[in-house]
Chemist: 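Can you read through this structure? Questions will come right after.
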Amino acid sequence: MKYLIAGLGNIGPEYTFTRHNVGFMALDRLAAQQGFSFKMERLAYIGEFKHKGKQIYCIKPTTYMNLSGNAINYWLQALKIPVENLLVICDDLALPFGKLRMKTKGSHGGQNGLRNIEEKLGTPNYTRLRFGIGNEFARGKQVDYVLKPFDEDEMIQLVARLDRTDEIILNFCTIGVERTMNFYNE
């Protein structure tokens with residue numbers, strides 16, 4: 001059984017520790033824990049590993065956040081992975097910092113990366129794990145907020161939340177989405 005885990009973010013050093021890159025951060029943490037590395041391939045950095053008999057492919061799209069659907073659709077097709085075995089990890093302004101919520105379908109909620117994925121896949125029915133980044137910004141400053149690095153207090157808490165995210169990824173691939181949501185949704 002094969003799975004595709006897509007962490008959303010933007011490429012480039014100026015985005016590395018920004019709130020919008022929490023999907024990339026989760027996969028970097030997973031790579032460190034599982035002992036795999038990423039290599040540049042078509043439309044994404046890709047890495048793979050096995051866990052409990054499951055083949056897990058992880059991608060960090062190089063298309064920038066708003067065009068993530070191009071990379072995800074390509075790799076689903078190339079690897080012949082059904083959309084039911086796709087998990088997308090992204091930031092979410094509507095959730096408090098560090099709160100994690102998994103859903104199997106729903107709207108993009110204004111998140112442009114999810115909007116593009118829905119367009120490219122032709123369905124809103126794919127699993128996403130939303131990582132709360134809070135919404136402490138002045139009116140009209142949303143873009144500045146999501147492209148700003150996490151503050152010191154958040155960075156201290158971030159590692160534990162990324163470890164929890166990685167537990168969720170592994171459970172999604174081994175015990176299934178419904179049981180994972182029951183265990184981990186906060």
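For reference, positions follow the sequence shown, starting with 1.
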Chemist: Might you confirm whether atom CD of Glu152 has over 12 heavy atoms from other residues, nucleotides or ligands at distances under 6.0 Å?
Modeler: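 Not buried by this count: 12 neighbours or fewer within 6.0 Å.
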
Chemist: Would you say the side chain of Ile5 lies within less than 4.5 Å of the side chain of Cys173, judging by non-hydrogen atoms?
Modeler: yes

Chemist: For the atom pair CD1 (Ile89) and CZ (Phe172), what is the distance rounded to the nearest 0.5 Å?
Modeler: 10.0 Å

Chemist: If I compare all heavy atoms of Asn66 with all of Gly113, which pair ends up nearest, and what's the gap?
Modeler: OD1-N, 4.2 Å

Chemist: Taking the six-membered ring for Trp, are Phe36 and Phe49 parallel (under 30°), tilted (30 to 60°) or perpendicular (over 60°)?
Modeler: parallel

Chemist: A cation-pi test, strictly: NZ or CZ of Lys60 under 6.0 Å from the centre of the six-membered ring of Phe38 and no more than 45 degrees from its axis. Yes or no?
Modeler: yes

Chemist: Which residue, Arg101, Arg19, Arg130, Arg128, forms the side-chain hydrogen bond (donor to acceptor under 3.5 Å, both in side chains) with Asp92?
Modeler: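 Among the candidates, only Arg130 passes.
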
Chemist: About how many Å separate OG1 of Thr180 and CG of Asn185, when rounded to the nearest 0.5 Å?
Modeler: 9.5 Å

Chemist: Search all heavy atoms of Leu43 against all heavy atoms of Asn70 and return the closest pair with its distance.
Modeler: CD1-O, 3.7 Å

Chemist: Can you confirm whether Gln34 sits close enough to Leu170 that some side-chain heavy atom of one is under 4.5 Å from a side-chain heavy atom of the other?
Modeler: yes

Chemist: Report yes if the side chains of Val177 and Met102 come closer than 4.5 Å at any heavy-atom pair, otherwise no.
Modeler: yes

Chemist: Are any non-hydrogen side-chain atoms of Thr18 and Asn10 less than 4.5 angstrom apart?
Modeler: no

Chemist: Begin with the C-alpha distance, continue with both residues' side-chain angles, and end with the deciding distance and a verdict on side-chain contact (heavy atoms from CB on, under 4.5 Å) for Lys54 and Thr174.
Modeler: CA-CA 7 Å; Lys54 312 294 184 188; Thr174 55; 4.3 Å; yes

Chemist: Val88 versus Tyr126: any side-chain heavy-atom pair under 4.5 Å?
Modeler: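 Yes, at least one pair of side-chain atoms sits under 4.5 Å.
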
Chemist: When you compare the side chain of Asn85 with that of Leu4, does any pair of heavy atoms fall below 4.5 Å?
Modeler: no

Chemist: Which atom names give the shortest non-hydrogen contact between Phe150 and Leu158, and what distance separates them?
Modeler: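 Closest approach of Phe150 to Leu158: CD1-CD2, 3.8 Å.
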
Chemist: Ignoring hydrogens and angles, state whether a donor on the side chain of Gln33 or Asp163 is under 3.5 Å from an acceptor on the partner side chain.
Modeler: yes

Chemist: Give a yes or no on whether Met40 and Tyr15 share a hydrophobic cluster (residues Ile, Leu, Val, Met, Phe, Trp, Tyr; joining criterion: side-chain heavy atoms under 4.5 Å apart).
Modeler: yes

Chemist: Do Asn125 and Val83 have side chains that approach each other closer than 4.5 Å (heavy atoms only, starting at C-beta)?
Modeler: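 SC-SC contact between Asn125 and Val83 ruled out.
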
Chemist: Counting the benzene-type ring for Trp, do Tyr45 and Phe24 have ring centres under 6.0 Å apart?
Modeler: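 Ring centroids of Tyr45 and Phe24 are no less than 6.0 Å from each other.
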
Chemist: So do Met25 and Phe131 actually touch side chain to side chain, heavy atoms under 4.5 Å?
Modeler: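 They are not in side-chain contact.
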
Chemist: Closest heavy-atom contact between Ala6 and Leu27?
Modeler: C-CD1, 4.2 Å

